Amino acid sequence: LVTARQQWEQYMQRRDETVKRARKMLEEGHAAKGLALLQAAPKSYGQDGAFREVYDQCREAVRRAGLRQAAVERVAGSLKSGKFAEAQALLDQAVQTYGEDPALVEAGKRLREEQAKAQQAEWRKVLDEAGRAIEAKECEKSRKLLESLPPEIGRHPTLASQAQALQAR
């Protein structure tokens with residue numbers, strides 16, 4: 001009887017330690033590791049309410065992480081296609097659903113960077129076209145092109161100096 005009691009106490013102690021470790025992994029953002037730990041545990045642990053609770057929490061966290069990752073990948077796909085409005089809409093929806101997740105924050109940063117690159121490329125095209133218009137003695141066309149550039153171009157020294165040089169011609 002004493003041996004049976006000791007075995008039972010050891011069993012409960014191992015179960016409680018497993019639940020504690022899995023909960024810690026979950027809290028540290030390692031839900032998949034916590035879930036793996038719980039899945040590797042003896043099936044009889046599943047009869048414990050605390051075990052089931054942590055198991056369900058880990059499973060839900062893993063599911064949500066997968067959905068967040070899928071959202072990040074959809075945003076990245078839209079960016080690759082140059083569909084900035086679609087990427088922004090997908091990102092906004094993901095942030096609304098999942099909050100300020102680090103992967104979503106990084107996706108937002110990439111979106112802003114890609115938008116800035118695309119905008120600068122457009123401004124370069126306008127500057128190049130204005131330069132060709134000046135060389136072709138189409139002063140009115142070049143003036144209109146240069147006036148179409150927004151004031152934000154001033155934040156990009158190379159482009160701003162190129163625009164100023166063309167205006168001086």
Side-chain angles (χ1 to χ4, degrees), residues 18-40 53-169:
T18 300
V19 169
K20 182 179 175 182
R21 287 177 48 213
R23 183 174 280 126
K24 186 172 193 248
M25 289 175 185
L26 176 64
E27 290 169 356
E28 292 175 349
H30 303 289
K33 289 180 181 179
L35 184 59
L37 175 67
L38 296 172
Q39 288 174 333
E53 178 184 337
V54 174
Y55 182 88
D56 290 344
Q57 290 172 349
C58 286
R59 196 177 65 215
E60 177 63 15
V62 168
R63 185 187 73 78
R64 287 180 62 84
L67 293 173
R68 274 192 308 273
Q69 185 57 37
V72 168
E73 290 171 7
R74 285 192 306 274
V75 170
S78 294
L79 280 177
K80 276 187 175 182
S81 302
K83 299 175 182 174
F84 299 119
E86 179 180 294
Q88 184 66 57
L90 289 169
L91 182 63
D92 290 345
Q93 181 182 24
V95 168
Q96 184 178 13
T97 303
Y98 305 112
E100 292 291 325
D101 179 79
L104 296 175
V105 170
E106 182 61 31
K109 181 180 175 185
R110 280 194 310 275
L111 172 60
R112 288 185 298 280
E113 289 170 356
E114 291 299 319
Q115 286 174 316
K117 284 180 189 177
Q119 184 62 63
Q120 290 175 30
E122 285 297 315
W123 292 340
R124 280 190 193 91
K125 286 180 186 178
V126 170
L127 291 170
D128 290 345
E129 190 176 342
R132 286 191 297 276
I134 288 172
E135 290 172 8
K137 305 290 186 213
E138 297 173 341
C139 296
E140 185 63 25
K141 180 179 179 182
S142 68
R143 184 184 62 76
K144 286 182 181 179
L145 286 168
L146 292 171
E147 286 176 355
S148 73
L149 294 169
E152 293 83 19
I153 198 170
R155 287 185 274 182
H156 306 279
T158 305
L159 297 175
S161 65
Q162 186 179 355
Q164 288 174 345
L166 288 171
Q167 287 174 337
R169 289 169 117 186

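Only a predicted model underlies this, so the values are computations on that prediction, with no experimental measurement involved.
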- Item | Sidechain N-carboxylate O distance under 4.0 Å for Lys144, Glu147 | no
- Query: What distance do Leu149 atom CG and Glu122 atom CD have between them, rounded to the nearest 0.5 Å?
  - Reply: 11.0 Å
- Atom pair OG/CD of Ser142 and Gln167 - distance to nearest 0.5 Å: 9.5 Å
- Checking side chain to side chain contact (heavy atoms under 4.5 Å, CB included) for the pair Leu127/Leu146: CA distance, chi angles, key distance, verdict? CA-CA 7 Å; Leu127 291 170; Leu146 292 171; 3.9 Å; yes
- Query: With a 4.5 Å heavy-atom cut-off, do Leu26 and Arg23 have their side chains touching?
  - Reply: no
- Item | From CA spacing to verdict: side chain to side chain contact (heavy atoms under 4.5 Å, CB included), Ser148, Val126 | CA-CA 9 Å; Ser148 73; Val126 170; 4.0 Å; yes
- Message: When you measure from the side chain of Arg112 to the backbone of Gly108, do you find a donor-acceptor pair of N or O atoms at a distance under 3.5 Å?
- Response: yes
- Is any NZ, NE, NH1 or NH2 atom of the basic residue among Arg132 and Glu129 found under 4.0 Å from an Asp or Glu carboxylate oxygen of the other? no
- Item | Arg59 with Asp56: basic N within carboxylate O range, under 4.0 Å | yes
- Taken to the nearest 0.5 Å, the spacing of Leu145 CG from Glu140 CD works out to 10.0 Å
- Message: I need the minimum non-hydrogen distance between Ala31 and Val62, along with the two atoms involved.
- Response: C-CG2, 3.7 Å
- Task: Please report the C-alpha distance between Leu90 and Lys83 in whole Å, then the side-chain angles of each, then the deciding distance to 0.1 Å, and finally whether the side chain to side chain contact (heavy atoms under 4.5 Å, CB included) criterion is met.
- Result: CA-CA 11 Å; Leu90 289 169; Lys83 299 175 182 174; over 6 Å; no
- Task: Give the minimum heavy-atom separation between Gly99 and Leu104, together with the two atoms involved.
- Result: O-CD1, 3.5 Å
- Message: Can you tell me if Gln93 has over 12 outside heavy atoms packed within less than 6.0 Å of its CD?
- Response: no
- Note on the structure: Between Ala22 and Leu37 the two heavy atoms that sit nearest each other are N-CD2, 3.8 Å
- To the nearest 0.5 Å, how far apart are CD in Glu73 and CD in Gln69? 4.5 Å
- Pairing of Glu113 and Lys117 as salt bridge, 4.0 angstrom limit: no
- Residues Tyr55 and Leu35: closest non-hydrogen pair is CE1-CD1, 3.6 Å
- In terms of heavy-atom contacts, does CD of Gln96 have more than 12 from other residues, nucleotides or ligands at under 6.0 Å? no
- In short, Ala94 meets Ala71 closest at the heavy-atom pair CB-CB, 3.8 Å
- Could you walk me through whether Leu38 and Cys58 pass the side chain to side chain contact (heavy atoms under 4.5 Å, CB included) check? CA-CA 9 Å; Leu38 296 172; Cys58 286; 4.3 Å; yes
- Query: Does the side chain of Gln115 pick up a donor-acceptor pair with the side chain of Gln119 at under 3.5 Å?
  - Reply: no
- Item | Distance, nearest 0.5 Å, that separates CG of Leu67 from CZ of Arg63 | 5.0 Å
- Message: Looking at every non-hydrogen atom in both residues, tell me the closest pair between His156 and Glu152 and how far apart they are.
- Response: CD2-O, 3.7 Å
- Heavy-atom distance under 4.5 Å between the side chains of Ile134 and Cys139, does that happen here? no
- Task: Measure the CD1-CD distance between Ile153 and Gln164 for me, rounded to the nearest 0.5 Å.
- Result: 9.5 Å
- Message: Any non-hydrogen side-chain atom of Trp123 less than 4.5 Å from a side-chain atom of Pro150?
- Response: yes
